[in-house]
Amino acid sequence: NLRTFVGWNTAEDGSGVTYNPKELLSMPEQNITLYAQYEADIEKIIKAITALPEIADVKLSDQSAIAEVRQVYDDLTSEQQKAITNQSKLVNLGTTIAELQQAENDADAAKQVIEAIHNLLKETTITLESKRVVEEVRLAFDGLTETQQALVTNYEELKEIEKKLAELQANKEDKEKAEKVTDEISELTKLAELTLEHKESVDDARKSYDNLTQVQRALVTNYEELEKIEKKLTDLLATEADKIAAEKVAKEVNNLPEVKDLIISNRKAIEEALKSFKNLTKVQQKLVTNQDKLLSLEEKLKELIKNEEDQIVAQKVIDVIAAFPEVTYLTLDRKSSVEKARLAFNSLTSAQQKLVTNQDKLVSLETKLVAEDVVSQIDSLPLVSQVTTKNKNDIEKVRQAYKNLTSNQQKMVLNYNDLVTLEIRLAELIDEEAVAKVIEEINDLPIESKLNLKDEKTVEKARQAYRELTANQRKMVTNYDD
């Protein structure tokens, strides 16, 4: 219905001899087979696709109709396919049918497993004899895709059956092993008094328990009794060991000098005693009867060490500062060295800085260097006879550097008058340039007799340039009357 008959051909694919409809055929001597030839009807195909159900309404029962239209579409040339304006609907219908088919296949596969699990649930009691059947159902479930597995609504029941089977299989052996350990612990609880001589028996019971699985351990009904026995035995062992360790350290502390007599040379002996004390447990430390003396010695030693270290560090900075010449003779080439000295001083702690007896000299050196830097900047500026407006930024930068100085530092700038002279000359040059620009703009204006309205903007521009001048600059405009 989607193609139109166009004639006959001796080849099925139309590559042979063609005979038009109603054309006379002269039979050859041998038999001849003719194949009907059809051409696709684009309009019919478009209408056929339109007649197909919409995506939201498609069902598996529509699969044959969709496939038939799809086959005709696939037989078209690429150019013909482009003429099918609703081909996207055909493609989407094919995709939807495939999804519906897959969903049905998934449901069928899941249904078989659901029924297998349901059959297991029919058994009144799960026994070890049920193992083979349960494993077969598990294999069937694992063979499903993730999508199919998600459709198995009674999967949790399968897991429960497997759990029950595992419990049955392990229960007998677990119970026997647990009872053996329970008996070992029971024998220990019958002792009239626990002593260190029973340590081996307690250790054996612990080893037997630790070798059990988690499930087997849960079956040991008197495990708490074992823990109580172990704790008591541990306390007995620890008490004796703690006492011996504490007495050894106390003896070390007794051999140390008193706090008032402590000197730095006692450092090694105190540090060794501290190490011995810190290596003790908290319980053992409490048994050291003279620990207060040790802790007091530790604090005093820290103070002595800190004072000694601070003095050494401070002395290095003192030596660096002392090596500089007096402030009067300091030159700018020593700037880097002074900055390093300042970094060294700043890296000290406040306590160490207080020990630097010549820090005032460092401050004076820095003050002089800042002033010398401004002197150098002034010297680097051009001579008054060579200065131009291009030097404006450089001169302003030097002026700002001078302003940033303290009053004492400004007094050290001996060439300050050179900066002032340059600033005066720069102001003159700026005035001259501004005035020359305005004079030139006025000169460029037409004479009064030739003036017209087209010159209004030019005249206004010259007037604005004149307004922007200072009062003194305006006086220098020689052609203002023009």
If we only count heavy atoms from C-beta on, is the [X] to [Y] side-chain gap below 4.5 Å?
X	Y	value
N391	L381	no
L90	Y73	yes
I49	K44	no
K335	V338	no
E162	V134	yes
D174	T213	yes
Q149	V113	no

Cation-pi geometry met for R474 and Y466 (6.0 Å, 45°): yes

Rounded to the nearest 0.5 Å, how far does [atom2] of [Y] lie from [atom1] of [X]?
X	Y	atom1	atom2	value
T147	D106	OG1	CG	5.5 Å
D203	S208	CG	OG	11.0 Å
I312	Q352	CD1	CD	10.5 Å

Residue [X] excluded, over 12 heavy atoms near [atom1] under 6.0 Å:
X	atom1	value
E460	CD	yes
E456	CD	no
E23	CD	yes
E271	CD	yes
E200	CD	no
R132	CZ	no

Check against side chain to side chain donor-acceptor pair (under 3.5 Å), D108 and Q112: CA-CA 7 Å; D108 289 342; Q112 293 179 23; over 6 Å; no

Under 3.5 Å, is there a donor-acceptor pair between the [X] and [Y] side chains?
X	Y	value
E115	N119	no
T77	E79	no
N9	Q37	no
D310	T349	no

E396 bridged to R399 by N-O distance under 4.0 Å: no

Short N-O contact, K164 and E160, less than 4.0 angstrom: no

Check: E433 side chain, T389 main-chain N or O, donor-acceptor pair, under 3.5 Å: no

Test ring-ring contact (aromatic ring centres under 6.0 Å, His included) applied to Y155 - qualifying residues, sequence neighbours left out: F141

Pair E225-T189, side chain to side chain donor-acceptor pair (under 3.5 Å): steps then yes or no: CA-CA 7 Å; E225 294 300 322; T189 60; over 6 Å; no

Result of checking K207, R206, K199 against E230 for salt bridge (Lys or Arg N to Asp or Glu O under 4.0 Å): R206

